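Keep in mind it's a predicted model, so treat the numbers as computed, not measured.
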Amino acid sequence: MSEINIHIGKQIRTFRKIRKLTLSELSDILHKSKSTISKYERGEISVDIETMYEIADALRIHVEQLLYYPRKRTVISSQNNSPAFFSGVSQFYSYLYDGRSNNIIRCVFDVLSEAENHQYKIMMYMNYKDFDNYQNCENTYWGFIEHYDALTRISLNNRDTPMEKANAQILASYLDSDTKWGLFNGFSSRPMMPIAIKMLFSKTRLKEDAALINQLKVSKDDVRLLKLYNMLSAT
C-alpha cells in the first residue's frame with residue numbers, strides 16, 4: 001500500500017464519519033460495493049480521478065481535501081511581490097472570539113497550490129477541536145489568497161453553506177511581524193445574519209489564554225472607531 005493511498009483513504013473515512021454516512025450508504029451513493037469503499041479507506045486500492053470527484057461530491061467537500069498531503073503543501077513564494085508576512089508560508093493560523101459561546105474560534109489555512117495572477121489556492125478549516133485532526137472542524141472553506149500593495153485579500157467559499165462567500169482583508173501585510181489583524185466577514189447561522197469580526201492572523205499557533213481573549217474581544221477603542229466611522233474596522 002502506498003503512503004498516498006493510505007492518506008487519501010483516511011481522508012475519505014474522516015469526512016464520511018463527519019457526514020455521518022455508513023459504508024453501505026456511501027457505497028449506494030457511488031454505486032460501488034461496500035468492500036470496494038472499505039478498501040479505498042484502508043488504502044488497499046487506488047482511487048481513480050473520476051471516482052475521487054464522485055466521492056468528494058458525495059461527501060460535500062472540495063476534491064483537494066482528499067488530495068491534501070501534509071508534505072506537499074505549497075510555499076508562498078518570496079518573489080512576485082508576496083508580502084513579508086506571508087512569504088515562505090505554507091500554513092498559517094487565525095483566531096477570533098465568538099461572544100455567543102464565549103470561546104476562541106481557531107482556524108488553520110493550508111496553501112494548496114499556486115494559481116493564475118500570483119494567487120494561491122487555499123483551504124481554511126474553522127473551529128477545530130484537536131489540531132492533530134484539524135480537518136475535522138465545524139466549517140470548511142476553500143478559496144484564494146491574493147496580495148495587493150496595501151493589503152492581502154482572502155476570498156472563501158463555505159463548502160457546507162454555498163450561499164456564504166466569506167472574505168478576509170489584512171492591512172499592511174508587506175510589513176513583517178508575528179501577527180497581523182484582519183477583518184473577516186461572512187454569514188452566521190446562529191442566528192442567521194451577516195457578520196464582520198476581528199480576526200488575528202499568525203504564522204505560528206498562539207497560546208489560547210486570557211490575554212489572547214482580551215485581544216480578540218471588541219475593545220473600547222474599537223467601539224470609539226465604530227462610532228466615529230460608523231463601520232467596524234480592524235487595524
Side-chain angles (χ1 to χ4, degrees), residues 1-75 89-94 101 103-115 120-145 154-166 186-187 189-190 205 208:
M1 293 185 292
S2 76
E3 191 174 356
I4 292 177
N5 284 348
I6 292 172
H7 174 80
I8 291 173
K10 286 181 178 178
Q11 294 296 84
I12 293 171
R13 185 176 189 275
T14 294
F15 287 110
R16 176 176 64 78
K17 294 286 188 180
I18 292 172
R19 300 304 181 208
K20 296 181 170 58
L21 290 173
T22 65
L23 278 172
S24 296
E25 289 169 336
L26 184 56
S27 67
D28 288 342
I29 294 171
L30 298 173
H31 305 292
K32 294 184 180 293
S33 70
K34 180 179 174 180
S35 63
T36 297
I37 303 301
S38 181
K39 289 178 181 179
Y40 286 155
E41 292 190 353
R42 294 197 300 269
E44 293 179 0
I45 57 176
S46 299
V47 185
D48 63 84
I49 295 298
E50 184 176 354
T51 300
M52 194 173 298
Y53 274 90
E54 291 173 352
I55 292 173
D57 286 341
L59 298 176
R60 306 196 308 277
I61 61 175
H62 195 277
V63 69
E64 293 200 31
Q65 290 175 262
L66 300 178
L67 294 174
Y68 166 77
Y69 195 55
R71 288 176 292 180
K72 296 295 183 181
R73 288 197 304 265
T74 297
V75 174
V89 168
S90 64
Q91 186 179 73
F92 57 98
Y93 314 89
S94 71
S101 60
N103 285 316
I104 292 174
I105 302 296
R106 56 187 75 87
C107 306
V108 175
F109 292 81
D110 283 337
V111 182
L112 301 179
S113 60
E114 189 169 5
Y120 285 84
K121 190 179 294 184
I122 60 171
M123 199 76 69
M124 182 181 85
Y125 302 93
M126 174 179 275
N127 202 18
Y128 62 89
K129 301 301 180 186
D130 174 19
F131 179 74
D132 290 335
N133 299 287
Y134 64 82
Q135 292 180 331
N136 185 359
C137 61
E138 182 179 3
N139 289 295
T140 303
Y141 299 78
W142 75 274
F144 297 90
I145 182 170
I154 299 174
S155 55
L156 299 163
N157 294 273
N158 189 318
R159 286 296 300 160
D160 294 318
T161 310
M163 67 179 172
E164 182 184 9
K165 311 295 183 184
F187 193 80
S189 59
R190 318 188 306 270
R205 291 162 60 198
E208 298 177 21

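- Considering every non-hydrogen atom in both His7 and Leu66, the closest pair reads CD2-O, 4.3 Å.
- One N or O on the side chain of Asn103 and one on the backbone of Ser101 form a donor-acceptor pair closer than 3.5 Å.
- No donor-acceptor pair closer than 3.5 Å links the side chain of Thr51 to the backbone N or O of Val47.
- For Tyr128 and Tyr125, the gap between ring centers reaches or exceeds 6.0 Å.
- Side-chain contact, Ser33 with Thr36: a donor N or O sits under 3.5 Å from an acceptor N or O.
- The distance from the CZ atom of Phe109 to the CE atom of Met123 is 12.0 Å, given to the nearest 0.5 Å.
- Atom-to-atom distance recorded for Leu21:CG and Glu25:CD is 5.5 Å, nearest 0.5 angstrom.
- Residues Leu30 and Ile37 meet the side-chain proximity criterion, which asks for heavy atoms closer than 4.5 Å.
- Remark: Arg205 qualifies as a cation-pi partner of Phe131 under the 6.0 Å distance and 45° angle criteria applied to the six-membered ring.
- Rounding to the nearest 0.5 Å places NZ of Lys39 at 12.5 Å from OG of Ser46.
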Test log, rule side chain to side chain contact (heavy atoms under 4.5 Å, CB included), inputs Met52 and Ile8
CA-CA 9 Å; Met52 194 173 298; Ile8 291 173; 3.9 Å; yes

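- Ser90 contributes atom OG, which lies 7.5 Å from atom CG of Asp110 (distance to the nearest 0.5 angstrom).
- For the 3.5 Å distance criterion, the side chains of Gln11 and Gln135 qualify, holding a donor opposite an acceptor.
- Heavy atoms only, all atoms of each residue included: Ala58 and Ile29 are closest at CB-CG2, 3.7 Å.
- Applying the ring pair (Phe, Tyr, Trp, His ring centres under 6.0 Å) rule to Tyr40 yields no partners; only residues at least two apart in sequence or on another chain are considered.
- Inter-residue side-chain proximity for Arg106 and Tyr93 is flagged as unmet; no heavy-atom pair is nearer than 4.5 Å.
- In this structure, Glu164 contributes its side chain and Phe187 its backbone to a donor-acceptor pair below 3.5 Å.
- Side-chain polar atoms of Asp130 and Asn133 form a donor-acceptor pair below 3.5 angstrom.
- Here the side chain of Asp48 pairs a donor or acceptor atom with the backbone of Glu50 at under 3.5 angstrom.
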Mind running side chain to side chain contact (heavy atoms under 4.5 Å, CB included) on Tyr120 and Leu112 for me, showing each step along the way?
CA-CA 7 Å; Tyr120 285 84; Leu112 301 179; over 6 Å; no

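- Rounded to the nearest 0.5 Å, atoms NZ (Lys32) and CD1 (Ile55) are 8.0 Å apart.
- Side chain of Arg19 to main chain of Arg60: a donor-acceptor pair is present (N/O by atom type, distance under 3.5 Å, no hydrogens or angles).
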The test is side chain to side chain contact (heavy atoms under 4.5 Å, CB included); show your working for Leu26 and Leu59 and say whether it passes.
CA-CA 9 Å; Leu26 184 56; Leu59 298 176; 4.3 Å; yes

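- For Lys10, the NZ atom counts as loosely surrounded, since its 6.0 Å shell holds 12 or fewer non-hydrogen atoms of other residues, nucleotides or ligands.
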Chi angles and distances behind the side chain to side chain contact (heavy atoms under 4.5 Å, CB included) call for Asn5, Ile45:
CA-CA 7 Å; Asn5 284 348; Ile45 57 176; over 6 Å; no

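- The salt bridge (Lys or Arg N to Asp or Glu O under 4.0 Å) test applied to Glu41 returns Arg16, not counting sequence neighbours.
- Counting only N and O atoms by type, the side chains of Thr22 and Ser24 include no donor and acceptor under 3.5 Å apart.
- A 4.5 Å side-chain heavy-atom check between Leu23 and Ser38 finds at least one atom pair inside the cut-off.
- Between atom CG of residue Asn158 and atom CG of residue Leu156 there is a gap of 9.0 Å, rounded to the nearest 0.5 Å.
- Just one residue in the list Met126, Met124, Gln91 forms a side-chain contact (heavy atoms from CB on, under 4.5 Å) with Val108, and that residue is Gln91.
- Under the 3.5 Å distance criterion, the side-chain polar atoms of Arg159 are left unmatched by any main-chain donor or acceptor of Tyr141.
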